[in-house]
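All of these numbers come straight from a predicted model, not from anything done at the bench. Just so it is clear, the values below take in all heavy atoms, side chains as well, and ignore hydrogens, waters and symmetry mates. Atoms within each ligand, like the ligands themselves, are counted from 1 in listed order.
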Amino acid sequence: MTAARGRPLRGRARVPGDKSISHRALILGALTVGQTRISGLLEGEDVINTGKAMRALGARVTRTGSGSWQIEGVGVGGLAQPGELLDFGNSGTGCRLVMGAVAGCPIDATFDGDGSLRKRPMQRVLDPLTRIGAKAARVGEGGRLPIRLQGARDPIPIVYEPPVASAQLKSAVLLAGLGAPGTTTVFEKEATRDHTERMLSHFGADVTVETVGLGRRITVTGQPELAPAQVLVPADPSSAAFPMVAALVTPGSDIIIEAVMTNPLRTGLFDTLLEMGASIETLAVRRDGGEEIADLRVRGSSLKGVEVPAERAPSMIDEYPILAVAAAYADGITTMRGLKELRVKESDRLAATAAMLQVNGVEVAIDGDDLVVRGRGFVPGGGQVTTHMDHRIAMSALVLGQGADKPVQADDVSFVATSFPGFADLMRSLGADLA
Ligand code: S3P
């Protein structure tokens, strides 16, 4: 797909439901006795794969309308032995969280995924799950998929300190801890997205969260009977990031992105863009589904380079490729610090982001774990971006092209469907030139 400079973006748009919350709603719905109803579920491939996995593990998962799903759960400890391999496609979140859920049950399941997921580290999640009593009966080379996991017969509650800031790791341990008698504790040195904790409480689990410096200590009491709950999935701020930056870098644009979740553990990008001089107005702040949401008015803006501290990374971990696009259009240098984790996302996002800019005439450097972009207020463009099976690189490339002097091409946009079905149509409805 090719993106060319078009007219200013105008109008209103609503991006799909939050990916993190969608995965968790399906998993916790399956661990509940009774019927959970979900509305606004992200119907992207990643989440659909999690739904299929929960079905293979014994839950009844039914689509009742657009974004509306119903789950008849089996209860904590009630997951059934799957008759098939669990294929998570491109999704680290689905795979790692379901590993956690399986680890706390006496069943045996094989986890696999696509070429991208097979390259991503899984040992980090197997380590704590093994302490809880699960056994990795077969593991691909270097702690990679495919992995056969035998859940614990008698799960042991643990106290765990993740070695990296990762909501997936934290969540896997909390979900496994549901199967253990007593309390399981995760102490994270830096706070990461808290959707698992919030949703566990929403389903009636006994969860406590204590702030400790920049981090949090989270405790869950195991073997609860989770009560079915209704889940309203708010719009995904990580998806809103793409039309937002497109509007910022296209002079004369003025758009409203509706009902975006503004959970502070997810809004590092918005804070950074405001520091860069972006015109982003937060309108109609309200609550929905246990989260704060708002309409965001975004207007074309002159941006300036900024320094993004490493401590901000957990709150915008998926947003660096699109921030790098904004930085390319800014005046001056933007330094993004502490991006080691980007190397183990759907692609090596640090390398893929730098290559995306370089091939389009933007000066960029990787310095250790930092990304440094020298913005000149314009982007020459004209390059073909290799997306490496990574949805966020594909969408970032297409936004890059919307303000560039020459069109920008993304080599493969099929993975956009993992998180943002309808992306191209939504962008076109605002006025973008994507062909
Ligand atoms: C997610 C956590 C993050 C993020 C991913 C979604 C989640 O991964 O990159 O897109 O829903 O918990 P890590 O936990 O590996 O940082």
[X] heavy atoms, cut-off 4.0 Å: which ligand 1 atoms fall inside?
{"X": "Ala167", "result": "12 (O), 14 (O)"}
{"X": "Thr93", "result": "1 (C), 5 (C), 6 (C), 7 (C), 11 (O)"}
{"X": "Lys345", "result": "3 (C), 4 (C), 8 (O), 9 (O), 13 (P), 15 (O), 16 (O)"}

>> I'd like to check Glu291 versus Ile21 (side-chain heavy atoms, cut-off strictly below 4.5 Å). Are they in contact?
In response: yes
> Under 4.5 Å between any side-chain heavy atoms of Gln402 and Val408, yes or no?
Replying inline: no
>> Are any of the N/O atoms on Leu169, whether in the backbone or the side chain, positioned under 3.5 angstrom from an N/O atom of ligand 1?
In response: no
> Would one find an N or O of Arg392, backbone or side chain, under 3.5 Å from an N or O of ligand 1?
Replying inline: no
> Applying a strict 4.0 Å limit to heavy atoms, is Lys170 in contact with ligand 1?
Replying inline: no
> Considering the options Ser116, Ser419, Ser91, which one meets the side-chain contact (heavy atoms from CB on, under 4.5 Å) requirement together with Glu346?
Replying inline: Ser116
Please list the nearest protein heavy atom to [atom] with its residue and the distance rounded to 0.1 Å.
{"atom": "atom 12 (O) of ligand 1", "value": "Arg24 NH2, 2.7 Å"}
{"atom": "atom 11 (O) of ligand 1", "value": "Ser20 OG, 2.7 Å"}
{"atom": "atom 10 (O) of ligand 1", "value": "Asp318 OD2, 2.7 Å"}
{"atom": "atom 14 (O) of ligand 1", "value": "Ser166 OG, 2.7 Å"}

> Under 3.5 Å, is there a donor-acceptor pair between the Arg96 and Ser171 side chains?
Replying inline: no
> Taking atom types as modelled and ignoring hydrogens, do the side chains of Thr62 and Gln70 form a donor-acceptor contact shorter than 3.5 angstrom?
Replying inline: no
> What is the ring orientation for Phe242 with Phe420, classed by angle as parallel under 30°, tilted 30 to 60°, or perpendicular over 60°?
Replying inline: tilted
>> Which residue is it: Arg216, Lys170, Arg217? I am looking for the one with a side-chain hydrogen bond (donor to acceptor under 3.5 Å, both in side chains) to Glu188.
In response: Lys170
